[in-house]
Amino acid sequence: MANTCLQFTGFVMSFLGWIGLIIATATNEWVVTCKYNMNTCKKMDELEAKGLWADCVISTALYHCITLTQILELPGTSLMVTASILGLPAVALVLMSMSCINLGSEPESAKNKRSVLGGTIILLTAFCGVVSTVWFPIGAHHEKGLMSFGFSLYSGWVGTALCLLGGCMITCCSADTPATYTENNRFYYSKQGPAHSGPASTNHAKSAHV
């Protein structure tokens with residue numbers, strides 16, 4: 001029961017983390033740059049937001065973006081796209097390994113293997129998110145006028161943390177416990193016991209008869 005609760009909690013955390021990574025990938029406000037204060041930059045149309053896909057200018061009456069060229073050649077963009085794609089099969093594998101979902105008459109070990117695989121892919125997704133969300137602000141820090149981090153970057157950080165925690169919970173609680181093997185061995189020996197007790201009982205009866 002405890003493993004089921006941990007697995008479900010890990011699934012919910014991983015799913016929300018995956019959504020956070022998708023939001024971070026799709027939006028462009030990773031860092032906000034400005035050479036002056038906020039109000040002055042808006043009036044002068046010099047408040048800029050940089051993202052994976054475009055550089056945008058934010059003002060009081062304008063939100064204009066310029067699409068970047070050679071987007072997928074940037075390591076941060078490629079890793080975030082990879083994380084968004086890997087999240088779908090990972091979440092599906094964990095969902096199909098839940099105890100409340102039965103695919104035919106499959107053994108419990110098959111569910112455990114599927115859950116471990118899904119948790120491992122979620123951890124890989126979190127790794128891609130960690131590299132991207134750390135790499136991008138470090139690169140932007142060297143630019144002049146860095147003012148603050150945008151909501152896209154915060155969304156990526158939160159999503160990465162949720163995927164990391166959820167993947168660890170799913171992977172740890174999905175392994176076969178020693179209790180399972182103990183119960184199986186106990187059932188095996190109890191089943192084999194009467195077969196070995198037959199000759200002993202017969203010999204005892206013969207001794208009593210003599």
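Side chains included, hydrogens not; waters and symmetry mates left out as well; all remaining heavy atoms used.
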### Query
Could you give the distance from CG (Leu79) to OG1 (Thr133), rounded to the nearest 0.5 Å?
10.0 Å

### Query
Which atoms form the tightest heavy-atom contact between Leu162 and Gly17, and what is the distance?
CB-CA, 3.7 Å

### Summary
Looking only at heavy atoms, the pair that brings Ser97 and Lys111 closest together is CB-O, 3.4 Å

### Task
Determine, stepwise, if the pair Cys128 / Met80 fulfils side-chain contact (heavy atoms from CB on, under 4.5 Å).
CA-CA 6 Å; Cys128 294; Met80 289 300 292; over 6 Å; no

### Message
Quick check: closest heavy atoms across Met169 and Gly10, and the distance to 0.1 Å?
### Response
CE-N, 4.0 Å

### Query
Quick one: CG on Leu165 to CD1 on Ile122, what's the gap to the nearest 0.5 Å?
11.5 Å

### Task
Determine the minimum heavy-atom distance between Thr77 and Leu52, stating which atoms define it.
OG1-O, 3.5 Å

#### Entry: Smallest separation among heavy atoms of Cys163 and Leu21, with atom names
SG-CD1, 4.1 Å

### Query
Can you tell me how far CD1 of Ile170 sits from CG of Leu117, rounded to the nearest 0.5 angstrom?
11.5 Å

### Query
Just how far is it from atom CG of Leu86 to atom CD1 of Ile121, taken to the nearest 0.5 Å?
7.0 Å

#### Entry: ring-ring contact (aromatic ring centres under 6.0 Å, His included), paired with Phe149, selected from Trp30, Trp157, Phe136
Trp157

### Under the side-chain contact (heavy atoms from CB on, under 4.5 Å) test, residues paired with Leu123 that sit two or more places apart
Leu164, Cys168, Thr171

### Query
With distance as the sole test, does Ser155 use its side chain to make a donor-acceptor pair with the main-chain N or O of Phe151 at under 3.5 Å?
no

### Query
After noting the C-alpha distance and the side-chain angles of Leu16 and Val12, does the key distance pass the side-chain contact (heavy atoms from CB on, under 4.5 Å) rule?
CA-CA 6 Å; Leu16 294 177; Val12 173; 4.1 Å; yes

### Query
Does any N or O in the side chain of Arg114 come within less than 3.5 Å of the main-chain N or O of Val94, such that one atom is a donor and the other an acceptor?
no

### Task
Grab the two heavy atoms, one from Ser152 and one from Thr27, that are nearest each other, plus how far apart they are.
OG-OG1, 2.5 Å

### Task
Can you run down the side-chain hydrogen bond (donor to acceptor under 3.5 Å, both in side chains) pairs that involve residues 13-26, sequence neighbours left out, and say none if there aren't any?
Thr25-Ser84

